[in-house]
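Hydrogens, waters and symmetry mates are skipped; everything else that's a heavy atom, side chains included, is used.
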Amino acid sequence: MAKKIIGKKGEKKVIKANRPARADWKEGVKKKQVGVSDMTLLSQITNEAINENLMKRWLNQEIYTYIGHVLISVNPFKDLGIYSETVLESYKGKNLLEMPPHVFAIAEASYHHMNSYKENQCIIISGESGAGKTEAAKRIMQYIAAVSGGKSSSIQEIKDMVLATNPLLESFGCAKTLRNNNSSRHGKYLEIQFNDQGEPVGAVITNYLLEKNRVVGQIDNERNFHIFYQLTKAAPPEYQETFGLQGPESFLYTSRSGCLDVDDINDVTDFNETIKAMGVVGLQKTEQDEIFKMLSIILWLGNVIFVEDDNGNAAISDGDVANFIAYLMEVDGEALSKALTQRVMETQRGGRRGSVYEVPLNVTQANSVRNALAKSIYERLFEWIVTRVNKSLEARGVAQYMIGVLDIYGFEIFDDNNFEQLCINYVNEKLQQIFIELTLKAEQEEYVREQIHWTPIKFFNNKVVCELIEEKRPPGVFAALNDACATAHADSGAADNSFVQRLGFLSTNAHFESRGSKFLIRHYAGEVLYNIDGMTDKNKDSLLKDLLDLAASSTNQFISHTLFPERIDPNSKKRPPTAGDKIKASCNALVSKLMQCHPSYIRTIKPNDNRSSTEYDQKRVLHQVQYLGLCENIRVRRAGFAYRTTFEKFVERFYLLCPKTGYAGENIWNGDSVTGANEILRHNNIPADEWQMGTSKVFIRHPETIFALENLRDKYWHNMATRIQRAWRAHVRYKHECARKIQRFWRQNKYNIGYLQMRDYGNQILGGRKERRRFSLLSMRRFTGDYLDIKNGSGFSTMVRNAITFRSGEEVVFSMRGNTLVPRPMRSSVPSPRTFVLTNQSLHIVVATKNGKMVQMTDEKAISLSVINSASVSSMRDDWVVLHLDNSPDGDSILSCYFKTELLTHMLQQTNGRIKVNVNPQIQYAKKGGKSVTMKFVKDEKIKHDDVYKSHVVHVPTGEPANSQPFPSCPVKPRPVKQSAPRKAPGPRNPAAGRTSAPRPTPSQVAAPAAAPMAQHTTMASPMAGSQASRARAAPPAPAPVPVPAPAAPSPPQPAPGVPLFKAIYPFKSQEEGEIAFEKEDLLEIVEKDENGWWLARKDGKEGWVPSNYLEEYTPPRSSPPPPPPVARRAPPPPAASSQPSVASVASAIMPNGLGLGRANPSIRVPQGIPQQSSSNGGGGGGGSSLPPWKAELEARKAAAAHGSPSPTPAPRPVSNIGGAPVPAARRAPPAPAPKPMIPAKPSAGGKPSVPSRPGGVASTPRAPPRPGSAAPPNAAASLADAIRARRQQPAPTHHDDDDDEWQ
């Protein structure tokens, strides 16, 4: 059934995929929540209720429980899988209330508090031996290393070293005891140092009270320190051979207790982990060798057996063992044996040195000396390892804050308790005192000092027990022990008896009781009976002078200088510190450190003494609940305030949450901090009973409130970050839009940049010395060079190309038609038409001759650029150029070319500016035979076009000033995509300024100006035509002839409101998905226009992409308006204007280019800038009409006679009906669609069918339809000839009116 429920929940999560996952590490098992996770919510606050709640949660595998911010941990004695990376990640950035109780939550709270409030932190882990303190400390370091950030190698190195200290110090400082397989036999306080960014930069480890007696002896079923078993089981062959290592059963120090193996400990694997940790913390191979040599010496010292000799003195039974130890220690063998079996004593008289005696030792005394040497070596080795690790963990940067983790052995109560248990329990008493001072006593005293309304809670203060042990006046236990050691130092038994006598002074203390050779102390955790036997000897903690001298004599520097650096001063009378003095001093220093930090507490509880994962000893746990003071802790927590801080810090932390204290992330509060704290709390609607204001601090009762304020603060920064991101994205979007505009402009103009540069170069050549032609100043004038398309053209271009014999590497750079001055015998020279082809090597002059009925092209003259010395032009606006040649028998060459400036520019470019250009009022040149002739130039306003040459005199009209600058580029209006209702036909675009009244135009007159741009768009083929078209639009419209009525044609289907309608002028077959196929004359609704040339269209309810150059805008004919309702009798409305195209429109469609030279010969390309004779003398029609007035009038009369209507009134500017589309002059082949752009499909609007994907390919404008019989050029704008060809081949105009500006 449980599986079904889990399955249903899993299915529910799949259905609601957007629901955030529950942040709980118990989500995977889906077990039912039992008990309460925070025991401040218990209905009854008793020790029994606390015990019952802990038991329920422990049996449900929930080992963590809160009392406010204090974590209670019950050892599960098995792996629950709750320390994985996934669980760790789930606690990042979460407060205590967001996640279930966990040791990771305490670590996160400490780390967050350090970063947020800039205070040092400490995490105090307390409890009995075997309750799980060491495991909790490791998990805290694991979490801090994972979340503390920092990607640099030094920070990662510190993290790795901090984590590596765990297996290293566990091997040397932990052992198997009756209650715990991995019991810490030393105290460790690890301080992790952080910089301002919360990144670890260093660490410091402080060691407390190593249980060195375990080295030489253990009780049954316990073990020595782990490192001895790891070394003897997994030592490499080199260590086995050099140090004589064997199995642990071969050494008395490891086999005496009878416990060599532990079920859940793998010594071989742990040894490899220890070696790896040594490498991580920076221990060199030589240092590791010395460490394992010292351990081998200790093991072999245990195998030194003493026997009694004939005199009853101690003697070494096996001298080989002693000699091997001397070999390892690098001392003399005799000196070692003497130090173990004899003692040197010195007498003093009156402060002077007396006699020196060598006193032999008995077996018991020799064993004590041997054990003292072994314990001293191990203790000093352990302290050196800690010092060496601290050296590697030195801060890599400036350490601002720190988090301390205290892992120290717990309270111990054994059957036989001695000096070690007294020291251990004393340290735990001091830690309990810290807990009481900070959580109970200090808190209540602070409430009184801050004048906070408070209900006092009674609790037991263990300060009296701490004073019983450590006080000097009156003397405590440690003081009495030191006095006994000082007065009876010769005999340990006598010193013990002296200690018993001095304990009599403590009998008046209620927490002390003397019982003969034992004494009882009532600790906070219970009563402990201590055995006095040997306690004074352990307190002395001094090494015999003989052993110190032996160590100093070693040739091994690690022994003589590193482990035993001190030297005894025989003249010093200062008593060395005892073990009690050392532990008291280090404990007080620890307490001072902890009191300067913000504490977090983890109270560990041991559920049973059998290390069982299923047994919960309620009596055993109840005793721990009582002495830990959990009940009092809950009472204080419920009655007190969870958070307090000074007014200044509160305002500094939360000024963002009130508009009066913060604006845009800045602190703007100028008042006092008390008022500022009040403003923040009231603005955020915190209930009045939830906080109180003290004299210097603000107090908040429940942690939920402070968590809510922290959440609001985080949201504020998130909102500010969102606003910054929004502004940044808008900036980036604008930047990208600008970049796209620049790219679009570049793509449209990159082919013309070189031509424009050439034009600027040509302007510099003239240098303001020659009058300019008007058309040379046009903004679109570009020096494109090969106007006749000699390189790739066909027809006439092919004939010219075939007539020239090009040399190797000769390339065409300029081609143009013009004239050359041809001499005649006995008569004056006359201009004769020629074709000029300029290459990078020569100037070819090609002449066309008639051979019968065939036109033949001949390369008349090829002038090498190297023989051209200079060129001369006049200062007027004529087109003549004289090329002065070196040593030419035919004399200089005289040319007439419209694009003379460009011709000179290309010549100078090909010769690197060698040719000099002269500008003179008259030109003197050499004729054939060397005769010098002067060409004169005369201004003659009667000349309307170009110039006239006759008898060495050129008549020229006045041109533009010599200092004229090219016209600026024509502005291009934006092209909005029009999706509104169909536009009504506009009225006259440019009415005359002086016009005061005019008759109301007919529908055809209204529609005529709208068609004018389309006609201009179609007929324009040169800069002159473009200029005339511009002037035509600016002229006032003339009245159009009255159209002849015609039968109304059936109206085509009307498009949807707001959707323009276009007609297909070529059939299109779709090639990819997302395109629409259509036939000629089909009508399509345009949904969206895109600049890349592909439009989104709808046909028969289906949407897809179509090429825009296959379509032309379709405007339906105006139908007759419906008759008005018969309310009043009124004459019927006149018939509507006919949709029949006007005569002028038909004529314009038949001859779209007028009489210009651009269409005179389809095989000969006429460049821009050549004036057209047909339009030079046009009447009022201007450049926008292609027919002269007389022709338009004649055509109109013929059309009127055909329809039986009177002749229309002649008009100077014929117009066409808006409904009549221009008819192309010649049938053109359907255009090849451009490569389809790679643009993602646009989302469809509501109620609109889904838009298919846009065709793939490079986003570019579709190329104009190709000219029949010719291939498309490789580049759309490679030359001006290509631009002219593309312009002529444009389909019916479908663009906006402002499109013409791009061609002007």
How long is the straight-line distance from CD1 of Ile1065 back to CG of Asn1109, given to the nearest 0.5 Å? 7.5 Å
Does some side-chain heavy atom of Lys1089 sit less than 4.5 Å from a side-chain heavy atom of Ser1108? no
Qualifying residues under side-chain hydrogen bond (donor to acceptor under 3.5 Å, both in side chains), relative to Lys741, sequence neighbours excluded: none
Beyond-backbone contact of Pro1107 with Trp1094, side-chain heavy atoms, under 4.5 angstrom: yes
Heavy-atom pair with the smallest gap, counting every atom of Lys1063 and Glu1081: CD-OE1, 3.4 Å
Glu1103 vs Val1087, side chain to side chain contact (heavy atoms under 4.5 Å, CB included): CA-CA, chis, key distance, verdict: CA-CA 8 Å; Glu1103 291 190 0; Val1087 179; 4.0 Å; yes
Compare every heavy atom of Ala1097 with every heavy atom of Leu1084, then report the nearest pair and how far apart it is. CD2-CB, 3.9 Å
State whether Lys1099 and Glu1085 are salt-bridged, where the test is any N-O pair (Lys NZ or Arg NE/NH1/NH2 against Asp/Glu carboxylate O) under 4.0 Å. no
Side chain to side chain contact (heavy atoms under 4.5 Å, CB included), that's the test. Do Trp728 and Arg723 meet it? Break it down for me. CA-CA 8 Å; Trp728 171 253; Arg723 294 171 63 182; over 6 Å; no
Could you tell me whether the side chain of Ser797 and the main chain of Leu788 form a donor-acceptor pair under 3.5 Å? yes
Once rounded to the nearest 0.5 Å, what's the spacing between atom CD of Gln725 and atom NE2 of His731? 15.0 Å
For the rings on Phe1078 and Phe1068, is their centre-to-centre separation under 6.0 Å? yes
For the student: nearest non-hydrogen atoms of Ala1064 and Glu1079, plus distance: CB-O, 3.4 Å
Can you check side chain to side chain contact (heavy atoms under 4.5 Å, CB included) on Ile1086 and Leu1111, steps first, answer last? CA-CA 10 Å; Ile1086 302 303; Leu1111 308 176; 3.9 Å; yes
Distance col, row Arg729:CZ vs Lys735:NZ, nearest 0.5 angstrom, shows 14.5 Å
Test ring pair (Phe, Tyr, Trp, His ring centres under 6.0 Å) applied to Phe783 - qualifying residues, sequence neighbours left out: none
Within this structure, what is the CH2-CD1 distance for the pair Trp1105 and Ile1076, rounded to the nearest 0.5 Å? 10.5 Å
